[in-house]
Amino acid sequence: MLRLTLLIPTHNRSRELLRALESVARQELDPALWECVVVDNASTDDTAETFDRFAAAHPALHLRRVYEPAAGVSHARNRGLREATTELIASIDDDERINPGFLAAYLRFFDEHPAAEVAGGRIIAEYPCGRPRWMSRWTEQPIANPIDLGERIRRFPVGRLPGGGNMAFRRTTALRYGFATELGRVGNRPIGGEENDFFDRLRADKVALWYVPEAVMWHIIPPEKVTDEAFRRLARHIGISQRLRAELRGGVLRARLREVLKWVATVPIGCMLRSAQRGPLWIMRREIARGLFSKSGKNEAPTQK
């Protein structure tokens, strides 16, 4: 009997999807206990053909592809929640790989913690061409979102949330909250915030967010994602995402005050960094502020390619 569904939303990244699926195929958990649902979010490349070839080569696995025409990762994730046939769901992104014990770790966690509703695992940044010298722990956070809270199961502390590329939940809980379709990446527009919004609403309702260390995901960061231009654009859209979330939940002034406090904290942090790392930190803070203090509608037109 199927116990757990793994969701993978994807859009026009068939090569990355194949790499993710190869790690899925190496799972130690009995294939009779889990399924994998790939949500094809209006892809126009060879995603369908790539998936079909992979599924044909792995007949013992329960693999399905569903097509979601509404553009945006939030639409894709919500479609995946509706498509899942099990009460337990894990979700990853298509630019990742997972350890062989990933699904078993989450299944074991929920079996041993019947009151738990939501969890997230460890995230390790992987740089195929090496980690850039200019990167510090602060500038790496928006790019890779590494998470390591130690070796034991525990609750996420205040100020920390699971990563959207490594999360698990009970289907009934996830359907009750859902992912806000006003937020989330659409095509090549790096607007995010849908995962933080999802977890913030859960936490506001006193739902515990659990950390499961044995569910490990490697977030693969290609060199084109760490160029100066890509970093500036990402930081600016983080600010836009924060403003959109604040507008959606009625907290724009609070979000902007938090940004001012972050600027104050950035000054001593910057003084402790090497010179090569200091500039990118200022750039990140400046571009986030630009996005957060910008007007609605500016640079927000979605594109799906």
Side-chain angles (χ1 to χ4, degrees), residues 5-13 16-17 37-45 47-48 64-85 89-96 117-118 120 142 145 161-205 207 209 233-234 236-252 254-255 288 291-292 294-305:
T5 299
L6 176 64
L7 301 179
I8 310 178
T10 188
H11 170 73
N12 280 356
R13 292 204 287 200
E16 291 85 351
L17 174 64
V37 178
V38 171
V39 184
D40 183 346
N41 190 205
S43 295
T44 56
D45 64 354
T47 289
R64 286 192 289 135
R65 181 183 69 89
V66 296
Y67 185 80
E68 174 50 57
V73 68
S74 290
H75 285 291
R77 285 178 171 150
N78 289 337
R79 175 64 182 275
L81 296 178
R82 297 192 299 270
E83 290 285 340
T85 63
I89 297 175
S91 181
I92 65 172
D93 290 332
D94 58 7
D95 59 346
E96 305 168 354
E117 299 179 72
V118 183
N145 191 26
L161 298 171
N166 185 354
M167 55 185 175
F169 24 68
R170 297 190 187 274
R171 183 172 182 265
T172 49
T173 299
L175 284 172
R176 186 164 70 249
Y177 287 85
F179 293 91
T181 54
E182 300 91 339
L183 303 170
R185 178 182 291 271
V186 179
N188 66 348
R189 181 194 69 162
I191 295 293
E194 79 286 351
E195 303 120 331
N196 286 351
D197 175 74
F198 174 77
F199 292 123
D200 280 342
R201 286 183 284 125
L202 285 160
R203 183 167 271 174
D205 286 345
V207 177
L209 309 178
R233 184 169 182 261
L234 174 64
R236 185 168 64 254
H237 280 82
I238 287 171
I240 294 173
S241 302
Q242 291 177 356
R243 177 175 54 73
L244 290 173
R245 284 176 56 205
E247 290 173 348
L248 187 63
R249 307 300 171 197
V252 175
R254 185 166 58 251
I288 289 176
L292 179 57
S294 63
K295 295 181 179 180
S296 296
K298 187 176 181 181
N299 298 324
E300 294 169 21
T303 57
Q304 187 84 340
K305 295 183 180 180

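- For T5, the side-chain hydrogen bond (donor to acceptor under 3.5 Å, both in side chains) partners two or more places apart in sequence, or in a different chain, are E35, T86.
- Among all heavy-atom pairs drawn from R243 and G291, the shortest one is NE-O, 3.5 Å.
- In this structure, R171 contributes its side chain and R82 its backbone to a donor-acceptor pair below 3.5 Å.
- Remark: side-chain polar atoms of D45 are paired, donor with acceptor, to backbone N or O of T47 under 3.5 angstrom.
- Classification of the F169-F198 ring pair by plane angle, with boundaries at 30° and 60°, yields perpendicular.
- A salt bridge is defined here as a Lys NZ or Arg NE, NH1 or NH2 lying under 4.0 Å from an Asp or Glu carboxylate O, and R65 with E83 fails to meet this definition.
- One N or O on the side chain of N41 and one on the backbone of G72 form a donor-acceptor pair closer than 3.5 Å.
- Rounding to the nearest 0.5 Å gives a distance of 12.0 Å between CG of D40 and CD1 of I8.
- When atom types are taken as modelled, the side chain of R201 and the backbone of G178 share a donor-acceptor pair closer than 3.5 angstrom.
- Salt bridge present: R77 and E195 bring a charged side-chain N and a carboxylate O closer than 4.0 Å.
- The distance from atom OG1 of T10 to atom CG of L7, rounded to the nearest 0.5 Å, is 13.0 Å.
- To the nearest 0.5 Å, the span separating CD on E247 from CD1 on I240 amounts to 10.5 Å.
- Taking the charged nitrogens against the carboxylate oxygens, D200 and R245 do have a contact shorter than 4.0 Å, which makes a salt bridge.
- The distance from atom CZ of R249 to atom CG of L244, rounded to the nearest 0.5 Å, is 11.5 Å.
- With hydrogens and angles disregarded, a donor-acceptor distance shorter than 3.5 Å links the side chain of N78 to the backbone of S74.
- For the atom pair L234 CG and S241 OG, the distance stands at 8.5 Å (nearest 0.5 Å).
- With R64 contributing its side chain and A84 its backbone, the two residues share no donor-acceptor pair below 3.5 Å.
- Across all non-hydrogen atoms, the minimal contact from A180 to D197 is CB-OD2, 3.7 Å.
- The NE2 atom of H11 lies 13.0 Å from the CG atom of L17; values are rounded to the nearest 0.5 Å.
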Passes side-chain contact (heavy atoms from CB on, under 4.5 Å), H75 versus R79? Steps please.
-> CA-CA 6 Å; H75 285 291; R79 175 64 182 275; over 6 Å; no

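- Considering every non-hydrogen atom in both I92 and P9, the closest pair reads O-CD, 3.2 Å.
- Looking at N12, its side chain does come within 3.5 Å of a backbone N or O of T44 through a donor-acceptor pair.
- For M167 against F199, the heavy-atom pair with the smallest separation is SD-CZ, 3.7 Å.
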